[in-house]
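One structure is given below, encoded as structure tokens.
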2 protein chains.
Amino acid sequence: MRRMTARPANAHQARLLKLLRDGGPHSRAQLGDRVDLSRSKLAVEVDRLLETGLVVADGLAASRGGRRSHNIRLAPQLRFLGVDIGATSIDVAVTNAELEILGHINQPMDVRDGPVAVFEQVLSMAAKLRASGLAEGFDGAGIGVPGPVRFPEGVPVAPPIMPGWDGFPVREALSQELGCPVMVDNDVNLMAMGEQHAGVARSVGDFLCVKIGTGIGCGIVAGGEVHRGTTGSAGDIGHILAVPDGRPCACGNRGCLEAHFSGAALARDAKEAAQQGLSVELASRLETNGTLTAVDVAAAAAAGDATALDLIREGGNRTGQVIAGLVSFFNPGLVVIGGGVTGLGHTLLAAIRTQVYRQSLPLATGNLPIVLGELGPTAGVIGAARLISDHLFSPA
Amino acid sequence: MRRMTARPANAHQARLLKLLRDGGPHSRAQLGDRVDLSRSKLAVEVDRLLETGLVVADGLAASRGGRRSHNIRLAPQLRFLGVDIGATSIDVAVTNAELEILGHINQPMDVRDGPVAVFEQVLSMAAKLRASGLAEGFDGAGIGVPGPVRFPEGVPVAPPIMPGWDGFPVREALSQELGCPVMVDNDVNLMAMGEQHAGVARSVGDFLCVKIGTGIGCGIVAGGEVHRGTTGSAGDIGHILAVPDGRPCACGNRGCLEAHFSGAALARDAKEAAQQGLSVELASRLETNGTLTAVDVAAAAAAGDATALDLIREGGNRTGQVIAGLVSFFNPGLVVIGGGVTGLGHTLLAAIRTQVYRQSLPLATGNLPIVLGELGPTAGVIGAARLISDHLFSPA
DNA sequence: GCTTCTTTGTCCTGTGAGTGGAGAAAGTTG
DNA sequence: CAACTTTCTCCACTCACAGGACAAAGAAGC
């Protein structure tokens with residue numbers, strides 16, 4: 001089957017496509033209410049989009065007291081692939097053109113196995129989704145990697161936690177394999193875009209999206225646009241100093257936030273506590289599983305374990321202190337907390353809130369919601385689909 | 001004399017005006033090389049601008065081997081007023097439409113005297129400049145105040161160091177008095193715009209501009225645009241935690257950056273050191289002047305006084321630590337240090353650089369210049385003129 | 001001084017974008 | 001079945017803009 005070949009010919013068409021993507025099917029009249037074009041001009045552009053096959057008119061909507069309108073919608077056979085490569089697992093999902101997830105699979109994997117192995121995995125997951133009948137092919141793919149990316153070229157640069165990926169032409173390679181356009185970004189930026197598109201950050205212009213997983217990072221959205229920085233490393237807050245002369249960090253410094261709180265740090269601290277006999281709960285879990293992860297700490301905390309709660313509270317305080325500084329600096333309208341450790345739930349959130357509200361100025365925090373992400377593990381893949389659709393739904 | 005009444009009628013005209021502002025006089029042919037319009041269309045728009053009086057054609061340029069070209073330039077009688085209200089002094093300047101400073105005066109003044117007294121002062125300074133023959137009137141004015149501003153309305157909000165200004169309609173009041181359009185912004189943002197227009201930050205898309213004066217703040221430019229945040233308080237880095245359980249700050253917390261380093265903190269620390277007999281140099285200055293300021297510390301440091309140098313180094317380290325975090329977060333392409341304490345010069349800069357280069361990741365600092373501002377006290381007033389000219393040179 | 005070439009600026013016409021109104025199509029309501 | 005609504009189409013007119021022809025003005029060579 002032939003995939004999407006056309007691109008919008010002008011800004012009007014791009015606007016219409018994004019409207020249909022974000023708001024679902026519209027009649028011509030409804031579109032006219034939202035785009036500030038005359039009905040005649042609108043009809044021309046819609047007709048041209050229909051000709052290209054990017055949108056279709058299917059069926060008539062119910063009458064609202066007059067002639068029934070045609071439903072204009074994005075071509076239903078369009079398929080985007082969203083890929084979210086984490087430090088320890090891979091998420092792959094298929095969406096339609098409205099970025100609704102049609103199928104989603106997750107598999108554990110270590111990025112440090114290198115790009116070749118990871119690519120093989122991603123391709124086999126994509127093939128699985130295709131084989132299940134959800135897609136005959138992909139019109140575009142977005143992919144997130146856990147490190148800085150030179151965005152225009154789609155190439156990871158100097159990624160600390162994924163050696164072997166430096167300079168690997170992710171965009172080009174994946175595009176070749178899948179036979180469709182590909183865009184690459186940092187996983188944290190994609191999570192932010194996901195929450196912006198379909199989560200808690202809808203209609204917020206300036207917000208921060210803090211992702212606490214194996215590491216810790218922050219997606220920055222300013223004026224509705226992701227801020228990536230000069231070298232693509234913006235939002236890399238894991239190595240901000242959190243504790244003067246604190247724990248040694250993999251980066252060579254001491255006291256980095258990531259060394260004190262992150263999925264990895266939490267697991268390490270929990271293990272230490274268990275071995276020191278501070279927590280029966282954690283010790284028994286260590287006994288059974290042979291190791292501990294953030295999930296164990298969350299379970300222990302849920303069971304009322306004081307040590308686990310302390311660890312979470314302490315980590316939340318550290319994180320909150322750093323976020324407080326970022327809030328003073330950036331003055332966002334919303335802070336979203338997401339990533340693997342969101343399972344720690346309210347305890348974590350409360351600690352973060354306390355620090356931020358206490359340390360930042362009232363003007364910046366007065367009306368500042370600090371909330372958990374709404375989309376969980378789907379934020380990344382939705383963001384990835386959004387990334388490529390933003391690209392494809394822009395004039396060539 | 002009648003002032004500027006017209007505004008550009010469309011985006012093309014706006015583009016042309018900004019080109020003439022930033023690049024000086026051009027011939028029609030030169031303009032054509034820079035705006036991607038046909039010569040015919042360009043001629044039409046230039047003619048319209050000539051009709052409005054916003055630009056004039058005066059004289060012929062030297063021939064470059066063919067017909068001589070007409071010089072097209074912004075109307076020479078246009079005048080902008082740039083006002084920079086600091087915590088302890090006021091700068092007022094007149095510029096032409098190319099934002100060149102024609103006259104500049106500075107007077108000491110305490111913002112805490114309140115808006116009415118400060119306004120009187122500003123108006124008398126403006127009158128003085130007008131009386132000196134530099135301007136017959138003003139076509140627009142930009143004004144910076146040392147606190148957060150609700151930008152669209154031009155009203156200060158909850159300004160910590162300028163009680164009495166909260167909610168004062170600066171824009172409206174000044175516009176009434178001067179009889180011209182006025183735009184209001186935070187003084188730090190204007191400094192950033194000044195350095196962007198005519199200083200070290202030309203042609204840098206993402207940069208930070210740290211202003212260390214009585215307080216400490218940071219102008220944020222992302223994608224060429226000033227980031228003001230949700231409530232206009234972005235860049236308020238003075239109250240980021242720099243020293244856990246450190247010195248008490250006026251904001252009620254402890255250990256804020258501003259409590260440890262700023263013009264005021266430096267003066268306080270110098271006085272303490274002098275009184276404790278740690279520095280003969282500082283003590284003698286305290287004796288003669290009755291008080292100490294950052295200028296005294298700078299002089300003592302220049303004279304080789306170890307205590308003064310230590311104070312500067314220590315403050316630079318604190319500031320550098322905070323900036324290091326911001327660099328990791330924002331990944332700017334340039335950091336500019338400005339404000340009153342730039343007199344502390346290389347000692348301060350060296351300390352800041354050391355901390356940033358040591359603590360931020362190589363990818364973010366690899367090619368990151370950290371430099372002193374180029375414009376000194378004129379950055380603010382140039383930025384103010386730029387602010388209003390950006391407004392007036394945009395389609396109405 | 002004359003020709004040729006270069007550069008600058010103007011004029012004119014064709015094309016396509018876009019608006020707004022008239023009216024057809026297809027409903028609902030009484 | 002008439003009256004009213006809503007949706008969509010068609011058409012004529014306006015304006016933005018490009019591109020080529022050409023005029024104006026000067027430089028360089030003979």
Side-chain angles (χ1 to χ4, degrees), chain A residues 6-20 23-74 394-396, chain B residues 6-20 23-74 394-396:
Chain A
R7 291 275 289 275
N10 57 42
H12 295 315
Q13 294 186 11
R15 179 84 206 284
L16 291 170
L17 291 173
K18 287 177 184 169
L19 223 51
L20 293 169
H26 284 70
S27 69
R28 285 180 171 79
Q30 288 170 325
L31 287 174
D33 290 342
R34 306 188 59 176
V35 294
D36 200 42
L37 277 179
S38 65
R39 289 198 309 274
S40 10
K41 177 59 178 167
L42 177 70
V44 170
E45 297 300 348
V46 170
D47 286 345
R48 286 184 190 162
L49 285 174
L50 285 167
E51 267 174 46
T52 65
L54 282 172
V55 307
V56 297
D58 63 341
L60 295 169
S63 166
R64 292 182 12 229
R67 173 174 173 177
R68 295 171 64 191
S69 59
H70 291 272
N71 265 332
I72 309 289
R73 66 170 73 228
L74 289 169
S394 296
Chain B
R7 292 274 289 274
N10 57 42
H12 295 317
Q13 293 185 14
R15 177 85 206 283
L16 291 171
L17 290 174
K18 288 177 184 168
L19 223 51
L20 292 170
H26 284 72
S27 69
R28 284 179 170 81
Q30 288 169 324
L31 288 174
D33 290 341
R34 306 189 61 175
V35 294
D36 201 39
L37 278 178
S38 66
R39 287 200 311 271
S40 18
K41 177 58 179 167
L42 177 71
V44 169
E45 297 299 349
V46 170
D47 286 346
R48 286 182 190 162
L49 285 173
L50 285 168
E51 268 173 45
T52 66
L54 282 171
V55 306
V56 297
D58 64 337
L60 296 168
S63 165
R64 291 178 19 227
R67 176 174 170 176
R68 295 171 65 190
S69 59
H70 292 269
N71 265 332
I72 308 289
R73 63 171 75 224
L74 290 168
S394 296

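Values below: all heavy atoms of this structure, side chains included; hydrogens, waters and symmetry mates excluded. Chain A is the first sequence line, chain B the second, and so forth, proteins listed ahead of strands; every chain is numbered from 1.
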Closest-nucleotide 5' rank along DNA chain C - winner of B/His70 and A/Arg39:
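With A/Arg39 and B/His70 compared, the 5'-side residue is B/His70.
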Base C/dG20 to side chain A/Ser40, donor-acceptor N/O within 3.5 Å cut-off:
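Side chain to base: pair present.
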Taking 4.0 Å as the cut-off, does a side-chain nitrogen or oxygen of [X] come that near to OP1 or OP2 on [N]?
X       : N      : value
B/His12 : D/dC17 : yes
B/Ser63 : D/dG26 : no
A/Arg68 : C/dT28 : no
A/Arg48 : C/dA17 : yes

Nearest-Å distance, [atom1] ([X]) to [atom2] ([N])?
X       : N      : atom1 : atom2 : value
B/Leu60 : D/dG26 : CG    : P     : 8 Å
A/Leu42 : C/dG18 : CG    : P     : 12 Å
B/Asn10 : D/dA16 : CG    : C1'   : 10 Å
A/Leu37 : D/dC8  : CG    : C1'   : 16 Å
A/Leu16 : C/dG18 : CG    : P     : 12 Å

Just by distance, do the side chain of B/Arg68 and the backbone of B/Ala62 share a donor-acceptor pair under 3.5 Å?
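Looks like no, no N/O pair under 3.5 Å.
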Closest to the [X] side chain: [options]?
X       : options               : result
B/Ala29 : C/dG27, D/dT7, C/dT8  : C/dT8
A/Lys41 : D/dC17, C/dA17, D/dT9 : C/dA17
A/Arg28 : C/dT8, C/dT19, D/dC8  : D/dC8

Would you call [X] and [Y] a salt bridge, taking side-chain N to carboxylate O under 4.0 Å as the test?
X       : Y       : result
B/Arg48 : B/Glu45 : yes
B/Asp36 : B/Lys41 : no
B/Arg28 : B/Asp47 : yes

Where each residue is assigned the nucleotide of DNA chain D containing its nearest heavy atom, which of A/Asp47 and A/Arg67 is assigned the position nearer the 5′ end?
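Nearest-nucleotide comparison on DNA chain D picks A/Arg67.
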Is it the case that the side chains of B/His26 and B/Arg73 hold a donor-acceptor pair, with the cut-off being a distance below 3.5 Å and no angle test?
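No pair is found: no donor N or O on one side chain lies under 3.5 Å from an acceptor on the other.
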